[in-house]
2 protein chains.
Amino acid sequence: MASQGVIDLGKAGRLSHSDEQRESGKQQVIDTIRAAGSIARIDISTATRVSPATVTAITAELIDVGLIEEVVPETPRQVAKRGRPRVALKIRGEAHKIAGIKVSHRVISVVVLDFEGNNIVDHELPLQLGRMPIDKLCKMIMDALGQACSKGGFDVSSISGIGVGLAGLVDAKRNFVYWSSSLDERNVDFGAHLARHTPCPIFIDNDANLVAKAEHLFGKGRNVSDFVVITIEHGVGMGIVIDNQIYRGSRGCGAEFGHTKVQLEGALCQCGQRGCLEAYVGDYALLREANITNDGTGHRDLGQLVAAARSGDQMARSIFDRAGRMFAMGLANVVNIFDPKLIILSGARLSFDYLYSDQVIEEMRRWVVQIDAPPPEVLVHNWGDLMWAKGAAAYAIEEVSTLAIRELACSEN
Amino acid sequence: MASQGVIDLGKAGRLSHSDEQRESGKQQVIDTIRAAGSIARIDISTATRVSPATVTAITAELIDVGLIEEVVPETPRQVAKRGRPRVALKIRGEAHKIAGIKVSHRVISVVVLDFEGNNIVDHELPLQLGRMPIDKLCKMIMDALGQACSKGGFDVSSISGIGVGLAGLVDAKRNFVYWSSSLDERNVDFGAHLARHTPCPIFIDNDANLVAKAEHLFGKGRNVSDFVVITIEHGVGMGIVIDNQIYRGSRGCGAEFGHTKVQLEGALCQCGQRGCLEAYVGDYALLREANITNDGTGHRDLGQLVAAARSGDQMARSIFDRAGRMFAMGLANVVNIFDPKLIILSGARLSFDYLYSDQVIEEMRRWVVQIDAPPPEVLVHNWGDLMWAKGAAAYAIEEVSTLAIRELACSEN
DNA sequence: ATTATTTTTTTTGAATTTCAAATTAAATCA
DNA sequence: TGATTTAATTTGAAATTCAAAAAAAATAAT
């Protein structure tokens, strides 16, 4: 009875109290399996504090509908113990295909993952214009997705969910874009526009939130319930995970770390305000300063500037030095406010070494409220280029998972 | 079968999955009643999405054990509608007496509330020393509580829970104090010390968190699930409520707004670091600056400084002006990170007008990420002197409520 | 080779919770 | 006085979960 198909978003209305409770067991079990990768029933029971009897019942149903499957024990057990051998369970990859799409200035990146999170195919579509009207962008996105599907040898209709990541201010709950650097218009009901092109559920969010989701599902935030992810692309982004959920704020636009003020009446930011962190650590900010303090060597791009600093250029060093200190100050503020267990500095390119350095992290630790308890762990995670798109897919996987389980509860009559 | 008595903290161990669920219905109902003040069963049903049948069952049990009671309809109904009249329910004040204690530098404030939140008695015990050893402080606290009880004409043993608020870094989960300005020692297991003096459950937390609790239960945060409270006493504090719960961070010391950095290598703070917000807006910071820029008039205390500013003194004005701008900047950062629906500027004295002014709030609004959605509402709430102690009591009320319901679930065999 | 032991998983029957539907209660309206 | 309306309660059924018992599947011991 394994299913592979489109999920009906229409059924996902408000649930009654009892429905929520009924759903929670299955959701908890599938989340545990996903977090663990593969895990035996008995361990699910201890992890979730659900009785073995119930775990058996729930997993049986999930296997029945094809969302999970038993792992065939390949290797003859290393540590041979007595007793009935445990049978591990895992997410069934073939259950769904999920697309993740990241729109950046020069390119639309697409990745299609299976339900387990394995890469099926990826694709990039170069963009002529960084900023365009909504309809045009929707078309480009669907083009990119279509090309990716052809490359993978399957039809777009076999995709169960699409996650889309945008730089900007997004209300994920409503699939609504207040503002994006990729769009001409403000206040766009992006979800509605994109829904015209495809019947499958669509999930739109700020790109930094999506990276946080990716870290949570596939990355260094696995099995961590509360952490903060900082990303740098063109701007500086932050994603906050509290109690296993992305914290989004009341209007859906929290975690605007990049526009946190680090200097009263400070440097001018892209956003038109002064003193934003981004105006000190963003690549454009560094290049701008390099031009101001131009010493005749004519630093043209960031690579050159980095090289100059490495080779001892005092001007260049000073620029990176200030950026690093401002970044440390911003990070310290986040720690003072959130007291997270873990901070993940997540990057797709290594060119931000100057911000992700031990020195900066050490400085941050010094600027944090000092108590006799271990300071937050800081991990630097360099993903490949597909980081952003994978984040979008991670978000969609989680949402599709929820929808699938909700549908299951409803279809049981 | 109405109970009035001490709750056994010992029974409150880890609960199984099913216990948690069993508990949730009652907890939800009692929380709804408390939030509403008084509310009919049918409205509880719609608010909680629990069926009327279940609400009847749950409320019957809660009435039976004396935690809630029916409100006798005094006035003949204003809006005379057809149909069976609804009978409102409310928390039964006599169910428990709860003490809230706030330790500040010069005084220990005690308030005893009934279970509904009504003030039964309050009391202040002046302190000679602001900072003392833990045993001494425990003794002073119990003295203050004892005196308050005598004043109220009841015995200390009739109190069901004690909340204690301290300035400093506290891990509420463990009743553990990393550091407090009222204590000589660092890293004190305050809960264990205080428990030697009384058998009833004790709940210790950072004072700003407690004010947030008070706003949530009794103040302007009533019926608001997510908001931020800023408090100013000697230092600057913040309490964050996310999804109806105080956000405490991984080590229990989040929301350290006062030590958020607003200036790289800035003014020296009490905490030994530089550039903390507190070092610009705290009373000591203002006085310090006034001395530096002493113009011969010899500003000696904050009142004089405020008066000087009002009467047009340029120096004094400039001091308050900078404090206000720094405060606005800090607030803007909080908004950019949390995107709260509501910010409550909570104060016990009116002397912080210069920070809670329209001008500062307007400035904050300008420094926030601009989107076409309403900015967070900002409310100024001036409580009386008992604000801090009431906050401590609010926390204890909520915890005792949880314990009482948990006990109920257990005692049902 | 057979039995004992250990551990995981499944089955079973009971307890609990919740709800929909029917019923009762308590008011006003006609 | 009876009809109507709304709130609260009762009742019986459905769903969920679990403890305890049983079964399954391995190794260890004899």
Side-chain angles (χ1 to χ4, degrees), chain A residues 15-29 33 38-64 68 70-73 75-89 405 408-413, chain B residues 15-29 33 38-64 68 70-73 75-89 405 408-413:
Chain A
L15 290 178
S16 81
H17 185 252
S18 67
D19 280 334
E20 276 170 40
Q21 287 207 337
R22 199 176 311 147
E23 179 185 319
S24 71
K26 281 166 202 151
Q27 187 75 59
Q28 234 186 321
V29 167
I33 295 172
S38 89
I39 183 173
R41 290 174 181 76
I42 186 76
D43 293 325
I44 297 175
S45 175
T46 52
T48 58
R49 309 177 126 258
V50 168
S51 75
T54 306
V55 171
T56 293
I58 289 175
T59 53
E61 193 178 349
L62 293 177
I63 289 173
D64 193 46
I68 64 173
E70 294 193 340
V71 176
V72 281
T75 32
R77 172 161 304 97
Q78 287 94 337
V79 185
K81 286 186 310 178
R82 275 220 257 198
R84 178 173 176 169
R86 38 186 63 187
V87 179
L89 300 168
I405 280 170
L408 201 56
C410 295
S411 69
E412 272 167 20
N413 301 19
Chain B
L15 291 178
S16 81
H17 185 254
S18 67
D19 281 332
E20 276 170 40
Q21 286 206 337
R22 197 178 312 147
E23 179 185 318
S24 71
K26 281 166 201 149
Q27 187 75 59
Q28 235 185 321
V29 167
I33 295 173
S38 89
I39 182 172
R41 288 173 181 77
I42 186 74
D43 294 326
I44 297 174
S45 175
T46 51
T48 59
R49 309 177 126 257
V50 168
S51 75
T54 307
V55 171
T56 292
I58 290 175
T59 54
E61 194 178 349
L62 293 177
I63 289 172
D64 194 47
I68 63 174
E70 293 193 342
V71 176
V72 281
T75 33
R77 173 162 303 97
Q78 288 94 336
V79 186
K81 286 186 310 175
R82 279 220 257 198
R84 177 175 177 170
R86 38 186 63 186
V87 180
L89 300 167
I405 281 170
L408 200 56
C410 293
S411 69
E412 272 166 20
N413 301 20

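What you see is a predicted model; the values in this text were computed from it and never measured. Proteins come first, then strands; the chains are lettered A, B, ... in the order of their sequence lines, and each starts at number 1.
Here D:dA24 presents its P atom at 18 Å from CD1 of A:Ile42, a figure rounded to the nearest Å. Here the C1' atom of nucleotide D:dT10 and the CD1 atom of B:Ile58 are 16 Å apart, to the nearest Å. One interatomic measurement links the two molecules: CD of B:Gln27 to P of C:dT17, which rounds to 15 Å at whole-angstrom precision. Following rounding to the nearest Å, B:Gln28 (CD) and C:dC19 (C1') show an atom-to-atom distance of 15 Å. For the pair B:Glu61 CD and D:dT9 P, the computed distance is 14 Å after rounding to whole Å. Counting to the nearest Å, the P atom of C:dT18 and the CD1 atom of B:Ile44 are 14 Å from each other. The distance between atom CZ of B:Arg84 and atom C1' of C:dT24, rounded to the nearest whole Å, is 8 Å. The CZ-P distance, from A:Arg49 to D:dA19, rounds to 12 Å in whole Å.
Judged by distance alone, the side chain of A:Thr54 and the main-chain N or O of A:Val50 form no donor-acceptor pair under 3.5 Å.
In the set C:dA26, C:dA21, C:dT11, the nucleotide with an atom closest to the side chain of B:Ala53 is C:dA21.
In this structure, A:Val87 reaches the sugar-phosphate backbone alone: every heavy-atom distance under 4.0 Å involves primed, P, OP1 or OP2 atoms, never a base.
With sequence neighbours excluded, no residue forms a side-chain hydrogen bond (donor to acceptor under 3.5 Å, both in side chains) with B:Ser38.
OP1 or OP2 of D:dC18 has at least one side-chain nitrogen or oxygen of A:Thr54 nearer than 4.0 Å. Within the 4.0 Å cut-off from OP1 or OP2 of D:dA29, not a single side-chain nitrogen or oxygen of A:Arg82 is found. The phosphate of D:dT9 has OP1 or OP2 within less than 4.0 Å of a side-chain N or O from B:Arg41. At the phosphate of C:dT9, neither OP1 nor OP2 sits under 4.0 Å from any side-chain N or O atom of A:Thr56.
With rounding to the nearest 0.5 Å, the separation of CZ in B:Arg41 from OG1 in B:Thr59 is 4.0 Å. Of the inter-residue distances, the one linking B:Leu89 atom CG with B:Ile39 atom CD1 reads 8.5 Å to the nearest 0.5 angstrom.
Toward the 5' end of DNA chain C, the nearer of the two residues A:Asp43 and A:Gly83, judged by each one's closest nucleotide, is A:Gly83.
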**Item:** Pair A:Ser45-A:Val55, side chain to side chain contact (heavy atoms under 4.5 Å, CB included): steps then yes or no
**Value:** CA-CA 6 Å; A:Ser45 175; A:Val55 171; 3.9 Å; yes

